[in-house]
Number of protein chains: 2
Amino acid sequence: MSASATASPIRPVHEDILNAAAHCFMERGYSATSIDDVARSLGATKGRIYHHYRSKADLFFDVFRHGMQMNFDVVTPIAESPRSTLEKLRDMTKTHCVAMIRTQHFQRCVWEGVELLQRGATTPEQREVLIELQAMRDNYAEIFRTVLEAAKREGIAEFESSSIALQLMFMCLNSPLFWYREREGQDASTIEHIASQCTVFALRGLGMKEELIADV
Amino acid sequence: MSASATASPIRPVHEDILNAAAHCFMERGYSATSIDDVARSLGATKGRIYHHYRSKADLFFDVFRHGMQMNFDVVTPIAESPRSTLEKLRDMTKTHCVAMIRTQHFQRCVWEGVELLQRGATTPEQREVLIELQAMRDNYAEIFRTVLEAAKREGIAEFESSSIALQLMFMCLNSPLFWYREREGQDASTIEHIASQCTVFALRGLGMKEELIADV
DNA sequence: TTGACAACATACCCGGTAGTATGTACCTCT
DNA sequence: AGAGGTACATACTACCGGGTATGTTGTCAA
């Protein structure tokens with residue numbers, strides 16, 4: 001069973017908490033966010049949160065898991081479709097980028113979570129969870145690596161180290177996480193337009209020819 | 001007087017503290033790092049740090065300032081040199097990227113500092129400092145924006161929004177901050193090689209032709 | 001009707017941490 | 001030599017925040 005499939009569906013009762021937590025963690029960061037902050041933004045108290053989650057870390061992990069799951073949900077179908085490498089690469093990158101913008105607060109938590117993963121866990125039971133989350137993240141990156149290396153073999157893309165290329169590609173696609181701000185009058189086409197520029201930048205960076213990128 | 005010139009030179013006595021603080025802040029993040037952590041990594045106690053800095057925030061701000069100053073020191077000479085736009089752009093981007101790797105712990109603090117800037121300050125006096133740091137950061141980005149737009153006018157580069165292009169370029173050049181790890185046997189040429197790949201990716205992303213990038 | 005349980009709120013404990021107040025050794029200048 | 005200042009260490013306070021223990025209300029099943 002792949003790590004992507006281990007994530008249980010989110011019970012509706014948890015959805016409000018997850019959303020509030022994601023927003024708080026995004027605004028102040030994990031350690032600067034208190035459980036009281038999350039509760040306050042829910043119009044509730046700590047009791048509600050600790051009734052559903054055993055610890056602050058558990059809550060954060062669930063936000064991470066939820067964020068990653070949303071990424072799998074939109075990207076996996078493309079990766080598993082019987083289309084060409086070129087079409088997959090263009091579609092996956094663009095889709096990922098749009099997802100970053102649409103679910104920004106969750107994805108910011110995923111980003112910070114990756115840093116927490118690198119620092120390691122405190123308790124042994126947390127370490128178990130962290131290993132699972134790490135695997136989830138690695139599996140997601142692996143989907144892209146597979147397509148990237150296929151693209152290189154087919155002469156569509158051209159780069160030296162596929163690991164570095166992968167990192168750089170994700171940096172571009174994740175970029176809106178750090179400067180995009182929701183504002184009034186921004187509809188789906190605005191988001192599409194921003195994602196388009198990021199994706200074009202990334203695909204150019206991967207050494208793809210202009211004519212293969214034109215319609216992204 | 002530009003914001004870049006307001007930074008006072010670092011007194012030697014502060015250098016050890018700044019280095020230790022940068023390392024701690026990088027490893028655990030700002031709010032998860034205690035003053036005692038920094039002191040312990042210095043083999044000292046809080047007394048030493050509070051003798052030189054009025055608060056934890058002040059210390060962090062000085063790390064930020066120091067990090068930014070190092071960037072100005074290496075990039076400004078290139079930007080002010082009488083060379084062509086193409087040469088400036090290639091040199092500035094590569095130099096910035098190398099600086100990110102070489103002074104990684106300070107630059108990670110700069111990165112986190114930018115997020116703190118967006119969240120705003122608590123006390124009014126901190127806000128004053130934050131405005132100065134914000135200006136410092138903006139001025140630095142402006143150096144690159146100037147060259148970027150010149151490159152666009154000269155037909156060297158091709159992109160839609162210069163703001164987004166600037167962000168994406170920095171994301172690529174800053175990328176090593178998040179995945180580069182110091183290891184044994186990594187000499188200057190290794191760093192050069194990594195920086196080269198990031199810079200090539202960024203310049204490609206900016207729409208530059210292969211023949212203009214070849215020797216980066 | 002009532003017992004049991006879910007879904008919270010309230011009240012409390014306690015460890016950690018920013019910041020302060022004070023002590024002390026050393027150094028320098030007169 | 002002694003007075004004052006620098007550069008710390010030590011000891012202490014106040015508070016915040018994670019976690020827990022317990023109370024309260026609504027719901028549902030028998």
Side-chain angles (χ1 to χ4, degrees), chain A residues 8 10-64 109 112-113 116 119 121-127 129-130, chain B residues 8 10-25 27-64 109 112-113 116 119-127 129-130:
Chain A
S8 55
I10 293 141
R11 283 176 285 174
V13 66
H14 288 183
E15 203 170 321
D16 290 342
I17 298 179
L18 284 177
N19 268 313
H23 274 104
C24 290
F25 287 143
M26 168 171 167
E27 280 177 11
R28 302 173 230 210
Y30 173 70
S31 38
T33 300
S34 73
I35 297 287
D36 289 299
D37 286 336
V38 180
R40 192 168 24 247
S41 84
L42 278 168
T45 66
K46 277 204 288 211
R48 180 167 174 196
I49 293 172
Y50 277 104
H51 180 71
H52 296 280
Y53 293 95
R54 293 192 326 192
S55 70
K56 180 182 169 183
D58 266 19
L59 173 58
F60 182 79
F61 293 157
D62 212 30
V63 174
F64 182 104
C109 294
E112 190 174 354
L116 288 182
R119 289 165 196 163
T122 48
T123 74
E125 53 180 15
Q126 277 185 10
R127 182 160 289 280
V129 181
L130 281 179
Chain B
S8 54
I10 293 141
R11 282 177 286 173
V13 66
H14 288 184
E15 202 170 321
D16 289 343
I17 298 179
L18 284 176
N19 267 312
H23 273 104
C24 290
F25 287 142
E27 279 176 12
R28 302 174 227 208
Y30 173 70
S31 40
T33 300
S34 74
I35 296 287
D36 288 301
D37 286 336
V38 180
R40 192 166 26 247
S41 84
L42 278 169
T45 67
K46 278 205 287 213
R48 179 169 176 193
I49 293 172
Y50 276 104
H51 181 70
H52 295 280
Y53 293 96
R54 293 193 331 198
S55 71
K56 180 183 169 182
D58 266 20
L59 172 58
F60 183 78
F61 292 158
D62 212 31
V63 173
F64 183 104
C109 294
E112 191 175 353
L116 289 183
R119 289 165 197 164
T122 48
T123 74
E125 52 179 17
Q126 277 184 11
R127 182 161 289 280
V129 181
L130 281 178

So, using side-chain hydrogen bond (donor to acceptor under 3.5 Å, both in side chains) as the criterion, who are the partners of [X] when residues are at least two apart?
| X | result |
| --- | --- |
| A/Gln126 | A/Thr122 |
| A/Thr33 | none |
| A/Ser34 | A/Asp37 |

Rounded distance in Å - [atom1] ([X]) to [atom2] ([N]):
| X | N | atom1 | atom2 | answer |
| --- | --- | --- | --- | --- |
| A/Tyr50 | C/dC12 | OH | P | 19 Å |
| A/Tyr53 | D/dG18 | OH | P | 16 Å |
| B/Leu59 | C/dG19 | CG | P | 11 Å |
| A/Asp16 | C/dC8 | CG | C1' | 14 Å |
| A/Ile49 | C/dA9 | CD1 | C1' | 13 Å |
| A/Arg48 | C/dA11 | CZ | P | 19 Å |
| B/His52 | D/dA7 | NE2 | P | 6 Å |

### Message
If I take atom CZ from residue A/Arg48 and atom CG from residue A/Leu42, how far apart are they, to the nearest 0.5 angstrom?
### Response
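Answer for the CZ-CG pair, A/Arg48 versus A/Leu42, is 5.0 Å.
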
### Task
Tell me, please, which residues at least two apart from B/Phe61 pass ring-ring contact (aromatic ring centres under 6.0 Å, His included).
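Partners of B/Phe61 by the ring-ring contact (aromatic ring centres under 6.0 Å, His included) criterion come out as none, since no residue qualifies.
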
### Message
Taking atom types as they are modelled, would you say the side chain of B/Lys46 forms a donor-acceptor pair with the base of D/dA9 within the 3.5 Å cutoff?
### Response
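Per atom types, no contact qualifies.
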
### salt bridge (Lys or Arg N to Asp or Glu O under 4.0 Å) partners of B/Glu125, counting only residues at least two apart
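Scan of B/Glu125 (salt bridge (Lys or Arg N to Asp or Glu O under 4.0 Å), adjacent residues dropped) gives B/Arg54.
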
#### Entry: Sorted by number, the residues of residues 28-42 of chain B with heavy-atom contact under 4.0 Å to DNA chain C
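Residues of residues 28-42 of chain B under 4.0 Å from DNA chain C: B/Thr33, B/Ser34, B/Ile35.
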
#### Entry: Proximity to the side chain of A/Ala44 - top-ranked nucleotide from C/dA9, D/dA9, C/dA18
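So the nucleotide nearest the side chain must be C/dA9.
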
### Message
Please confirm whether the shortest side-chain N or O distance from B/His51 to OP1 or OP2 of D/dA7 is below 4.0 Å.
### Response
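Yes, because at least one side-chain N or O of B/His51 sits under 4.0 Å from OP1 or OP2 of D/dA7.
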
